[in-house]
Participant: 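Starting off with a structure, shown below.
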Amino acid sequence: GNTIMKDSVWLDDVAETCTITLNVLQKKAEQRGKLSHADQTMTDLCLGYLYLLSICDKNLLFEDDSILGLTEIIKQKTTIH
């Protein structure tokens, strides 16, 4: 229903924030020659988010009317470790 639309829009907004953040951090790295630990962590988080979002998108998880499918997949993946 309607809530899923809002979720998708919100996810896209976060993705945009990640992309901008990655660009800023990349410029910073180029200027300083390296990233601080915090910046590296932020880079990993942003890349990870964008990667997961693209996988979810490819698997059409957002076509479903519930995010339940997503949490189930996350549960399956995390219990493997």
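Note: hydrogens, waters and symmetry copies are ignored here, and every other heavy atom, side chains too, is used.
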Participant: Which atom pairs, donor and acceptor, lie under 3.5 Å between side-chain atoms of residues 16-24 and protein residues at least two apart or in another chain?
Facilitator:
| residue | atom | partner | partner atom | Å |
| --- | --- | --- | --- | --- |
| T17 | OG1 | D13 | O | 3.0 |
| T19 | OG1 | A15 | O | 2.9 |
| T21 | OG1 | T17 | O | 2.7 |
| N23 | ND2 | T19 | O | 3.4 |

Participant: Table please: side-chain donor-acceptor pairs of residues 25-38 below 3.5 Å, with sequence neighbours left out.
Facilitator:
| residue | atom | partner | partner atom | Å |
| --- | --- | --- | --- | --- |
| K28 | NZ | D39 | OD2 | 2.9 |
| S36 | OG | D39 | N | 3.1 |
| S36 | OG | D39 | OD2 | 3.4 |

Participant: Could you list all the side-chain hydrogen bond (donor to acceptor under 3.5 Å, both in side chains) pairs where at least one residue sits in residues 40-50, not counting sequence neighbours?
Facilitator: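 Only Q40-D44 qualify under side-chain hydrogen bond (donor to acceptor under 3.5 Å, both in side chains).
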Participant: Are Y51 and L45 connected in a single hydrophobic cluster, I mean Ile/Leu/Val/Met/Phe/Trp/Tyr linked by side-chain heavy atoms less than 4.5 Å apart?
Facilitator: no
